[in-house]
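First comes the structure, then the notes that go with it.
What you see below is based on every heavy atom in this structure, not just the backbone, and it leaves out hydrogens, waters and symmetry mates. Numbering starts at 1 and runs along the sequence shown.
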Amino acid sequence: MNDKLNLIKSLQASQPGNIAIQCFDDDYYQSLDATKQLRLLKCLNSGLENPTSEVGCYANLPTDYDELKPFFEAVLSRYHRVPIGTKHINNWSLDSIEGLPGNGKLDLTELGLPALSMRVRVGRNLANYPLPASMNLEQRVELENNMIEAFQQLIDHPKYGGGYFSLTPGSKNFINDNQYHALIKEHIMFKNMDEDSYLTAAGIAADWPHGRGCYISKDRGFIIWVGEEDHLRIMCMEKGSVLNTVFDRLKNALDVINNIEGLTFATSKDFGIVTSCPTNLGTAMRASIHIPLPNLTAGGSDARAKQIARPLGLSVRGIGGEHTPVGDDGTVDISPSARFCITEGEILASLYQGIALLKAEEDQLTSS
């Protein structure tokens, strides 16, 4: 333990960008009992083994954010740029948000856009299990088996259907290596977690591939990962023109899952939806759309699009993810940056409003 404390002290001097290391307060640590001291140090393990991390920590138990609040509140304040003491509120409604169409229908065709690729995803963890960083093999497999039973309600549902595909050796739903890599190529299944040094150091990748798998709806537009960074990573995607549609489908599916007996999502009274990584805490949501902006990305640079999007709280990246190039036709991925201290409805609204402004700027360049 002293070795870790000495390492933290050293890294505080050499790694000013590692938020968790900088937020570690020795006086607070010394005030904890031995059990909580160990819990706090384990949360820091990823940042200690990967000192150039930006955040540098993961929660290990659903109660960590509340029971180690002084530490995590400092991390959340620094990363999300909110004052200490700020409380998160979850709300999917658009009713009180200004600047939207009166009927609440966020139709991209009204902006002069065609049908576009839309995606929204959320993380969820079950309240009655440790978070992935502290699960043992038996717990991972048990959680997966419980979810396989729960997914049967989606499989039997006419709006979802589909099936579950497991990476756990011996599972009745097991898929072989060729099937697994085919799903990766299709951008449906997640990659080998052992190859991620951050997840490995945190303990999240332990026992790979046991307890991991993926539910896929019949139309392949609704996907749930099991056993990745969070217990569940729930994704809805479609090509369409009404943003509400993909959000509504996700919300309906979340309600179905959360109403299954024995499945309760972990939440914090102050911080909202509990996730392994503090960057996703609150809504645990990322919503994005692929939109062609050939004029704003002329020459293959997204710098001008980013300049417009940043004040709106939007991120611009290549369609392959962060640090990937703009598409040949100028297509980029647009998504709201905030997860914490913003409502789900506000995320949807900011995506729509940002698209409207970017489209207007694109059209102005076309006519000039």
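- The list of ring pair (Phe, Tyr, Trp, His ring centres under 6.0 Å) pairs with a residue in residues 223-246, not counting sequence neighbours, reads Phe190-Trp225.
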**Asked** Step by step, would you call Val226 with Leu232 a side-chain contact (heavy atoms from CB on, under 4.5 Å)?
**Response** CA-CA 5 Å; Val226 176; Leu232 306 174; 4.0 Å; yes
**Message:** Between Ile175 and Leu167, does the side-chain contact (heavy atoms from CB on, under 4.5 Å) criterion hold? Intermediate values first, please.
**Reply:** CA-CA 6 Å; Ile175 58 173; Leu167 305 182; 4.0 Å; yes
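- Note: the hydrophobic cluster containing Ile289 also contains Met285 (ILVMFWY, side chain heavy atoms under 4.5 Å, direct or indirect links).
- For the pair Val246/Arg119, no side-chain contact is recorded, criterion being any heavy-atom separation below 4.5 Å from C-beta on.
- Here the shortest heavy-atom pairing between Cys341 and Thr86 reads SG-CG2, 3.2 Å.
- In this structure, Leu40 and Phe24 approach most closely via the heavy-atom pair CD2-CE1, 3.9 Å.
- The hydrophobic cluster containing Ile260 also contains Val122, counting ILVMFWY residues as joined when their side-chain heavy atoms lie under 4.5 angstrom apart, directly or transitively.
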**Request:** Evaluate the side-chain contact (heavy atoms from CB on, under 4.5 Å) criterion for residues Asp107 and Asn244: first the C-alpha distance (whole Å), next the side-chain angles of each, then the deciding distance (0.1 Å), finally the verdict.
**Result:** CA-CA 8 Å; Asp107 189 346; Asn244 312 65; over 6 Å; no
**Message:** Could you go through Lys251 and Glu344, starting from their C-alpha distance and side-chain angles, then the distance that decides it, and tell me whether this counts as salt bridge (charged side-chain N to carboxylate O under 4.0 Å, His left out)?
**Reply:** CA-CA 10 Å; Lys251 180 64 167 62; Glu344 288 82 356; over 6 Å; no
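- Once rounded to the nearest 0.5 Å, the distance linking CG of Asn60 with CG of Leu131 reads 7.0 Å.
- No side-chain heavy atom of Asn128 sits under 4.5 Å from any side-chain heavy atom of Thr264.
- Under the side chain to side chain donor-acceptor pair (under 3.5 Å) criterion, Asn192 pairs with Trp208, not counting sequence neighbours.
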**Asked** Thr275 and Asp230: side-chain hydrogen bond (donor to acceptor under 3.5 Å, both in side chains), yes or no, with the steps?
**Response** CA-CA 6 Å; Thr275 56; Asp230 293 304; 5.0 Å; no
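- Counting heavy atoms from C-beta outward, Met147 and Tyr164 have side chains that stay 4.5 Å or more apart.
- One finds the NZ atom of Lys239 at 7.5 Å from the CG atom of Leu116 (value rounded to the nearest 0.5 Å).
- In this structure, Leu100 and Gln353 have side chains that are in contact, with non-hydrogen atoms separated by less than 4.5 Å.
- With contacts defined as side-chain heavy-atom distances shorter than 4.5 Å, the pair Met193/Arg212 qualifies.
- Ring pair Phe247/Trp92 is perpendicular by interplanar angle, where above 60° counts as perpendicular and below 30° as parallel.
- The two residues Val274 and Ser268 make their nearest non-hydrogen contact at CG2-N, 3.8 Å.
- Within 6.0 Å of the NZ atom in Lys218, the count of heavy atoms belonging to other residues, nucleotides or ligands does not exceed 12.
- A side-chain hydrogen bond (donor to acceptor under 3.5 Å, both in side chains) with Asn295 is found for one member of Glu361, Glu362, Arg304 and no other, namely Glu362.
- Neither Phe174 nor Leu143 shares a network with the other; the hydrophobic side chains, linked directly or stepwise wherever heavy atoms of I, L, V, M, F, W or Y lie under 4.5 Å apart, form separate groups for each.
- Judged purely by atom type and a 3.5 angstrom limit, Gln153 has no side-chain atom pairing as donor or acceptor with the backbone of Ala150.
- Remark: side-chain polar atoms of Thr168 are paired, donor with acceptor, to backbone N or O of Gly211 under 3.5 angstrom.
- Linking ILVMFWY side-chain heavy atoms closer than 4.5 Å, directly or via other members, places Leu154 and Met237 in two distinct hydrophobic clusters.
- For the pair Ala20 and Cys57, the tightest heavy-atom approach, listed with the atom from each and the gap, is CB-CB, 3.7 Å.
- Judged by distance alone, the side chain of Asn45 and the main-chain N or O of Ala201 form a donor-acceptor pair under 3.5 Å.
- Side-chain contact of Ser93 with Asn91: a donor-acceptor pair under 3.5 Å is absent, judged by distance alone.
- Rounding to the nearest 0.5 Å places CD1 of Ile291 at 6.5 Å from CG of Leu358.
- Residues Tyr65 and Tyr29 share a hydrophobic cluster, clusters being chains of Ile/Leu/Val/Met/Phe/Trp/Tyr side chains in contact below 4.5 Å.
- Donor-acceptor pairing under 3.5 Å is lacking for the side chains of Asn18 and Ser53.
- Between the CZ atom of Arg78 and the CD1 atom of Ile84 there is a distance of 9.5 Å, given to the nearest 0.5 Å.
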**Request:** Please test Val316 against Leu293 for side-chain contact (heavy atoms from CB on, under 4.5 Å), starting from the C-alpha separation and ending with a verdict.
**Result:** CA-CA 11 Å; Val316 179; Leu293 300 171; over 6 Å; no
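- The shortest distance between side-chain heavy atoms of Glu110 and Pro101 does not fall below 4.5 Å.
- Of the possible donor and acceptor atoms, none in the side chain of Arg339 sits under 3.5 Å from a partner among the backbone N and O of Thr283.
- The shortest non-hydrogen separation linking Leu68 to Tyr28 is CA-OH, 3.4 Å.
- Applying the side chain to side chain donor-acceptor pair (under 3.5 Å) criterion to Lys69, with sequence neighbours excluded, gives Asp270.
- In this structure a side-chain-to-backbone donor-acceptor pair under 3.5 Å is present from Asn258 to Phe265.
- Side-chain N or O atoms of Glu149 include none that pairs as donor or acceptor with a backbone N or O of Asn146 at under 3.5 Å.
- Expressed to the nearest 0.5 Å, how far CG of Leu243 lies from CG of Leu106 amounts to 5.5 Å.
- For the pair Glu54 (side chain) and Ile19 (backbone), a donor-acceptor distance under 3.5 Å is absent.
- In this structure, a donor-acceptor pair under 3.5 Å is present between the side chains of Ser337 and Ser315.
- In this model, no donor atom of one side chain and acceptor atom of the other lie less than 3.5 Å apart for Asn173 and Ser166.
- Glu67 CD: more than 12 foreign heavy atoms inside a 6.0 Å radius.
- Here the side chains of Leu44 and Lys4 are not in contact, with every heavy-atom distance at 4.5 Å or above.
- Checked by atom type and distance alone, the side chain of Arg140 pairs as donor or acceptor with a backbone atom of Met135 at under 3.5 Å.
- For the pair Asn90/Thr343, no side-chain contact is recorded, criterion being any heavy-atom separation below 4.5 Å from C-beta on.
- Thr267 contributes atom OG1, which lies 10.5 Å from atom NE2 of His88 (distance to the nearest 0.5 angstrom).
- The shortest heavy-atom contact between Ser46 and Tyr198 is OG-O, 3.2 Å.
- A donor-acceptor pair is defined here as one N or O able to donate and one able to accept, closer than 3.5 Å; no such pair exists between the side chain of Asp207 and the backbone of His210.
- A salt bridge does not link Arg249 with Glu238: every distance from a Lys NZ or Arg NE/NH1/NH2 to an Asp or Glu carboxylate oxygen is 4.0 Å or more.
- The main-chain N or O of Phe222 is found under 3.5 Å from a side-chain atom of Ser217 such that the two form a donor-acceptor pair.
- Using bins of under 30°, 30° to 60° and over 60° for the plane-to-plane angle, the ring pair His80/Phe340 lands in the tilted bin.
- A salt bridge links Asp64 to Arg39: at least one charged side-chain nitrogen sits closer than 4.0 Å to a carboxylate oxygen.
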